[in-house]
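It should be emphasised that the depicted structure is a prediction, and the values quoted were computed from it without experimental measurement. Lettering follows sequence order; numbering is per chain, from 1.
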Amino acid sequence: MSELRPNPSAQIAPGRQRELLFQMKRIRHVEEKIAARYHEGKMRCPTHLSIGQEAVASAVGLSLRRDDFAISTHRAHAHYLGKGGNLQAMIAEIYGRATGCSRGRGGSMHLIDLSAGFVGSTAIVGNSIPIGVGLGLSAKLHGTEQISCVFLGDGAIEEGVFYESANFAVVKRLPVLFLCENNFYSVYSPLRVRQPVNRKIHELAGAIGLTVAHGDGNNVESVYQITSVAIERIRNGNGPQFLEYATYRWREHCGPNYDNDIGYRSETEFLEWKARDPILLYENLLLSAGLMSCGDVADMQASIAAEVDEAFEFAESSPFPEASEAVLNVYKL
Amino acid sequence: MSELRPNPSAQIAPGRQRELLFQMKRIRHVEEKIAARYHEGKMRCPTHLSIGQEAVASAVGLSLRRDDFAISTHRAHAHYLGKGGNLQAMIAEIYGRATGCSRGRGGSMHLIDLSAGFVGSTAIVGNSIPIGVGLGLSAKLHGTEQISCVFLGDGAIEEGVFYESANFAVVKRLPVLFLCENNFYSVYSPLRVRQPVNRKIHELAGAIGLTVAHGDGNNVESVYQITSVAIERIRNGNGPQFLEYATYRWREHCGPNYDNDIGYRSETEFLEWKARDPILLYENLLLSAGLMSCGDVADMQASIAAEVDEAFEFAESSPFPEASEAVLNVYKL
Amino acid sequence: MTFVQAINEALHDAMAADPKVICYGLGVDDPKAIFGSTKGLKDRFGPDRVFDMPTSENAMTGIAIGAALNGIRPVMVHQRLDFFLLAMDQLVNNAAKWHYMFGGQRSVPITIRLILGRGWGQGPTHSQSLHAWFSHVPGLKVVMPTTAEDAKGLMLSSIFDPNPVLFFEHRWLHEIAGLVPDGDYRVPIGKARISREGRDLTIVAMSYMVVEAIHAIDYLAQHGISCELLDLRTVAPLDWDAVFASVRKTGRLLVLDTGATTGSVGGEVVARVAMDCWDSLKQVPQRIAMPDHPEPTSFGMTRGLYPRSEDIVTTVNKMLGMNVAIEPLVSQRRHPHDVPGDWFRGPF
Amino acid sequence: MTFVQAINEALHDAMAADPKVICYGLGVDDPKAIFGSTKGLKDRFGPDRVFDMPTSENAMTGIAIGAALNGIRPVMVHQRLDFFLLAMDQLVNNAAKWHYMFGGQRSVPITIRLILGRGWGQGPTHSQSLHAWFSHVPGLKVVMPTTAEDAKGLMLSSIFDPNPVLFFEHRWLHEIAGLVPDGDYRVPIGKARISREGRDLTIVAMSYMVVEAIHAIDYLAQHGISCELLDLRTVAPLDWDAVFASVRKTGRLLVLDTGATTGSVGGEVVARVAMDCWDSLKQVPQRIAMPDHPEPTSFGMTRGLYPRSEDIVTTVNKMLGMNVAIEPLVSQRRHPHDVPGDWFRGPF
Ligand SMILES: Cc1ncc(C[n+]2csc(CCOP(=O)(O)OP(=O)(O)O)c2C)c(N)n1
Ligand SMILES: Cc1ncc(C[n+]2csc(CCOP(=O)(O)OP(=O)(O)O)c2C)c(N)n1
Ligand SMILES: [Mg+2]
Ligand SMILES: [Mg+2]
């Protein structure tokens with residue numbers, strides 16, 4: 001199995017560093033706001049938050065080109081925003097409005113922004129994986145330089161379709177990046193009841209034939225560096241790559257609350273991860289390195305807050321689609 | 001990945017050696033006879049012969065206990081006979097007669113002999129694999145010492161259900177033996193168009209978490225030794241094992257003819273394998289070791305011929321099931 | 001006792017009565033215990049018989065079949081039917097046919113619980129009611145209870161049936177309460193129940209649609225219209241005798257279905273009634289089912305999507321040439337159109 | 001030109017006309033070339049557009065969908081429909097719904113060829129005709145041509161249709177010959193064809209059952225019975241106007257189906273006709289389909305299993321109160337009951 005190594009010398013430009021922090025803060029703020037207002041009962045669809053996992057989505061999004069493809073899962077907000085998906089259209093979609101990115105048809109679990117290369121997210125575990133591989137096949141057939149990034153979780157690894165999709169991607173050397181966020185849980189189920197205790201997911205992926213690497217999903221710079229190297233390799237025609245990043249979901253699997261009290265995981269485990277908040281870690285790093293001042297951070301925060309408030313106002317002030325529209329788009333005419 | 005090593009010191013008793021040769025010859029003779037008479041058009045069902053692959057079925061069958069379970073694929077004749085399945089009932093089934101092992105319902109691809117622990121074979125690639133794992137789960141729940149042997153081919157490895165089934169067997173440490181006969185082809189498709197070129201199937205299985213070994217599928221004694229060690233490990237509660245044996249199908253994928261002329265594989269490749277005919281190799285070994293005389297071999301051959309002739313007579317003289325029976329057994333009452 | 005509690009009781013009773021009954025599925029032993037339906041099972045019967053599983057629906061179905069071939073009685077659950085689509089090969093090519101294709105030597109006593117989502121943003125892939133698929137496959141049994149009493153009695157019958165049974169649970173029924181007998185009682189699979197006796201018209205329904213029918217019928221009764229309501233309870237094998245007997249009595253048929261209209265079980269009922277009760281029919285049979293498009297997620301778009309009691313009344317009006325007002329019925333409704341009641345606060 | 005040659009020609013024409021059309025599936029480039037249907041494609045269009053695949057039906061379906069979302073037009077093939085059961089999640093949760101659930105932004109132009117096995121020991125899992133399943137799923141199109149001409153014209157329409165199309169090929173039709181126009185012509189999806197004009201009775205059929213119907217109808221014609229034959233060609237969306245128009249003309253309906261009886265498309269046709277043509281019906285509609293059990297493998301057990309022209313005649317006799325003898329029809333038949341003709345020598 002071939003391991004791929006990040007390029008340590010690669011220095012990240014200061015501008016990019018600020019973008020990394022900005023993306024993470026923006027995603028966090030959006031999701032905190034969703035959490036805060038979810039109880040109002042106006043966002044009436046199952047909603048899976050990525051709070052705590054922002055580093056991967058931000059770094060991967062910034063490593064990809066806008067015209068690269070990305071496809072995701074039920075937990076797609078961060079991936080969508082990281083890839084450059086339209087914020088207002090996402091919030092409107094969660095509110096079920098006509099201005100939503102899927103015109104209200106799909107809700108939180110069905111995000112799309114074709115102008116940003118975000119082709120879609122689905123609500124069936126694993127079933128967007130082959131879609132992403134198919135996008136990679138299309139890029140190869142069209143002879144473009146695009147790559148296809150497939151976001152998946154540690155649970156999706158258990159679906160046979162992951163294995164089948166990865167095998168085909170290797171056989172055809174397709175430009176596909178499999179991006180696995182291992183947050184150690186599938187709903188309330190820890191890895192040990194689902195996969196062999198001593199398994200390393202990236203090693204399994206390597207045995208299928210993918211070139212693999214793994215890293216700390218809460219260290220945004222290392223995610224950025226590892227991912228950039230992988231993407232470069234793919235673009236240079238070295239075939240599909242698999243990246244596993246360890247990270248942690250702070251809140252309940254689906255919904256806005258904390259649920260460390262209900263017993264499937266411990267408060268201590270949560271606090272250990274919270275202590276490694278990818279955003280705080282990075283913010284402190286940039287501050288101490290003198291790359292940003294507290295003022296810069298405050299401005300960043302303020303601009304984000306303003307943009308997010310606007311997005312929610314946009315959503316809430318948007319109309320619902322007409323009930324009569326529900327019969328449309330069964331077939332493309 | 002844990003590799004498992006055969007026990008070289010393990011000497012095979014002369015009686016068992018004769019049984020190994022007998023099983024192989026018996027299977028070969030049965031299938032040669034099917035091939036010879038298939039054109040008569042009385043065996044009206046897709047029929048997949050194992051001629052050339054007899055060593056694995058014979059050695060595995062003799063390594064298993066009669067009360068162990070075995071489950072197989074579209075190419076099941078050898079596995080069924082090796083496990084001790086009733087010969088007459090199998091031939092009658094291929095002839096579609098009421099005396100067939102499945103009462104004519106299933107044909108060549110649906111063999112069963114519960115008295116021999118042969119629970120069934122199916123015609124959908126890979127779909128008997130989880131059935132075998134379920135049998136292993138049942139043995140564990142019942143607290144018996146039985147193990148479940150799952151025969152599969154190199155093509156079935158590509159089905160996600162293999163991966164899912166193996167993962168679960170490892171998680172639950174089930175008494176399951178995955179027995180993969182790698183004959184390098186799936187119908188007319190060579191491995192390279194289906195799996196990564198440098199893949200070793202047993203290494204992939206190891207990465208899933210199975211304890212694995214591999215060997216020469218045309219060397220009946222080494223198959224017997226490797227398999228016996230694996231079975232012992234399983235019975236001692238060490239969890240599922242995966243064995244890959246390299247072997248070769250002499251005739252066409254489905255049907256009685258040779259088809260090296262149609263272009264998907266070369267005559268030379270075939271001849272190289274034919275030169276390593278597992279039966280001739282072993283017969284010569286036993287003769288030169290003085291463990292059997294030419295007379296013994298001739299007697300063995302004669303008794304097999306007589307038994308097989310009888311089986312075909314039994315089948316041909318058996319009645320067809322009544323057409324009216326076709327409505328029965330949809331539900332168990 | 002609620003529908004979901006009745007299922008929990010049935011599982012407890014079955015597992016206590018027979019050590020060969022096991023129960024698994026994603027989340028059976030987690031804090032939510034499949035909406036409470038598997039509560040207490042693991043503590044009482046242990047981790048060997050009650051366990052969580054990998055997200056591997058296809059293999060886990062085949063594993064249930066294999067275990068069943070050797071005397072185990074697995075009860076598997078999917079929090080949404082939609083996830084079970086991954087296992088159609090195992091269901092159709094193995095479970096449904098094993099008994100048949102091996103000449104009746106072994107059968108497959110598995111029970112697969114399929115929960116149907118609806119409303120509150122469940123959307124296109126968390127809301128499908130595909131019982132029509134399963135009733136089209138010889139060898140499968142499909143039960144769709146409405147009441148808590150039938151839920152327990154049919155769950156027990158399903159678990160101890162020697163054949164594969166698909167047990168449908170409409171999420172909107174989970175909190176519906178009813179009297180449930182103690183102990184082991186079996187509601188026979190394949191027998192419908194006359195939920196309301198009536199003269200003028202026969203309404204055939206299953207699962208949640210029975211609830212809407214009851215609202216409609218009791219309301220119509222106040223206006224002197226007497227409808228007979230047949231709760232199918234099982235859609236495969238379907239209780240044709242009961243359907244035909246009722247239609248022969250009333251001469252009129254209205255079928256309700258929780259699935260998409262075209263190719264629905266409701267359509268099969270209309271077809272058989274047309275073919276077998278031709279001479280008894282006083283007028284053209286009618287069918288009310290879900291529209292032929294996926295369920296959208298938006299609150300705005302699901303308005304008017306689900307056939308409700310008022311739609312039933314409207315159709316009955318047409319059939320009987322009456323015009324009972326539907327407003328009173330509609331105005332009774334206290335909660336938004338996308339939830340079954342205040343108890344449902346999402347997400348699933 | 002035979003049915004299978006017509007498909008081969010359609011594939012050649014489509015791939016030549018549009019570089020975005022690709023073709024893959026188990027064995028498309030092997031010596032047998034899917035019964036000849038993919039012959040010459042790889043040599044002409046190269047290994048990037050025509051390729052074999054791993055035995056991974058589920059992922060390979062999703063991969064087709066993903067490629068289609070970016071402008072590729074994949075044509076996938078399964079040598080038996082039964083294998084495709086592994087891909088129901090991709091088909092139903094993704095292909096059928098993508099256009100709908102993302103608000104109509106992208107559609108999924110894939111064509112999936114499904115070959116139906118029958119007879120000669122195909123047995124329980126190589127013989128299923130599950131078009132009723134697919135017609136029950138909004139968003140899918142299902143075509144089931146009978147003639148070589150329609151095979152080519154519908155294949156071209158399927159490949160260039162912006163939606164997912166399931167293209168059924170009954171194995172017993174592959175060698176049936178007919179006149180096939182050259183070049184690019186499209187047979188519209190969703191339009192039935194009047195195969196025989198008639199007065200007394202309407203026979204609605206699809207795929208191979210149209211052949212049996214033609215034998216029956218031409219024979220009945222000799223006895224002065226005039227049946228109209230509607231070859232549906234597409235079962236989803238189904239051409240209801242054509243069905244209703246014919247039934248309104250003849251007042252009598254007999255539906256034939258290649259699938260299991262209960263829950264069949266034939267049942268839906270009977271139901272809709274009963275509901276929409278009630279006043280035109282002179283008598284009770286009838287349906288002839290496969291029995292509700294798996295197909296057994298044994299030659300002895302498949303005797304009388306498949307509805308043939310004589311069964312159609314028998315039913316027409318009943319419906320019209322005639323009694324045309326069936327023996328002459330039966331005695332014409334030259335080959336065993338389990339093969340379509342001498343050309344079929346097995347195994348598949
Ligand atoms: C096929 C299928 N099975 C089960 C579910 C229910 N489900 C929704 S999300 C989820 C957890 C998936 O875990 P993982 O892939 O690790 O993603 P995470 O939620 O941790 O981001 C499950 C089991 C589903 N949606 N689809
Ligand atoms: C799901 C499915 N896909 C395709 C087929 C057609 N098919 C029958 S046997 C076979 C080859 C399987 O190859 P392998 O597993 O290596 O077994 P072998 O024939 O070499 O013994 C295929 C593809 C099938 N029966 N089921
Ligand atoms: Mg996870
Ligand atoms: Mg092989």
Lys/Arg N to Asp/Glu carboxylate O, D:K32 vs D:D30, below 4.0 Å: no

Winner by heavy-atom pair count (cut-off under 4.5 Å) against chain D, out of A:G126, A:A169, A:A326, A:G132: A:A326

Portion of A:T122 that has a non-hydrogen atom of chain D nearer than 4.5 angstrom: side chain

Distance-only polar pair, side chains of A:T227 and A:S63, donor-acceptor under 3.5 Å: no

Leading residue by heavy atom contact count with chain D [cutoff under 4.5 Å; candidates A:G107, A:G106, A:G134]: A:G134

Side chain / backbone / both / neither for A:L174 at chain D, heavy atoms under 4.5 Å: neither

Geometric class of the D:H12/D:F45 ring pair [parallel <30°, tilted 30-60°, perpendicular >60°]: tilted

D:K97, part contacting chain A, at a heavy-atom distance under 4.5 Å: neither

A:E145/A:R65 salt bridge by N-O under 4.0 Å criterion: yes

Structural part of A:A98 lying under 4.5 Å from a heavy atom of chain D: neither

Interchain contact, D:N163 with chain A, by part (heavy-atom threshold 4.5 Å): side chain

Segment of D:I22 engaging chain A (4.5 angstrom heavy-atom cut-off): side chain

Donor-acceptor contact below 3.5 Å, side chain D:R233 vs main chain D:D150: no

A:G239 backbone acceptor or donor facing A:R233 side chain under 3.5 Å: no

Option that, when pairs with chain D are counted at under 4.5 Å, heavy atom only, ranks first among A:R103, A:K332, A:H110: A:K332

Residue A:L328 versus chain D: region with a heavy atom under 4.5 Å: backbone

Segment of D:P237 engaging chain A (4.5 angstrom heavy-atom cut-off): both

Winner by heavy-atom pair count (cut-off under 4.5 Å) against chain D, out of A:L333, A:N127, A:L135, A:V171: A:N127

Structural part of A:F69 lying under 4.5 Å from a heavy atom of chain D: side chain

Sidechain N-carboxylate O distance under 4.0 Å for A:R235, A:D68: yes

Short side-chain donor-acceptor distance under 3.5 Å, D:E57 and D:H78: no

Verdict with reasoning, A:H79 to A:F118, per ring pair (Phe, Tyr, Trp, His ring centres under 6.0 Å): CA-CA 9 Å; A:H79 306 145; A:F118 195 85; 7.5 Å; no

Which atoms of A:T144 approach chain D - backbone, side chain, both or neither, heavy atom under 4.5 Å: neither

A:N167 portion near chain D, given a 4.5 angstrom heavy-atom threshold: side chain

Side chain / backbone / both / neither for D:P54 at chain A, heavy atoms under 4.5 Å: side chain

Stacked cation flag A:R105 on D:Y100, 6.0 angstrom / 45 deg: yes

Side chain, backbone, both or neither of A:L141 within contact of chain D (heavy atoms, under 4.5 Å): side chain

Charged tip of A:K172 within 45° of D:F51 ring normal and under 6.0 Å: yes

Proximal component of A:K140, with respect to chain D [non-hydrogen, under 4.5 Å]: neither

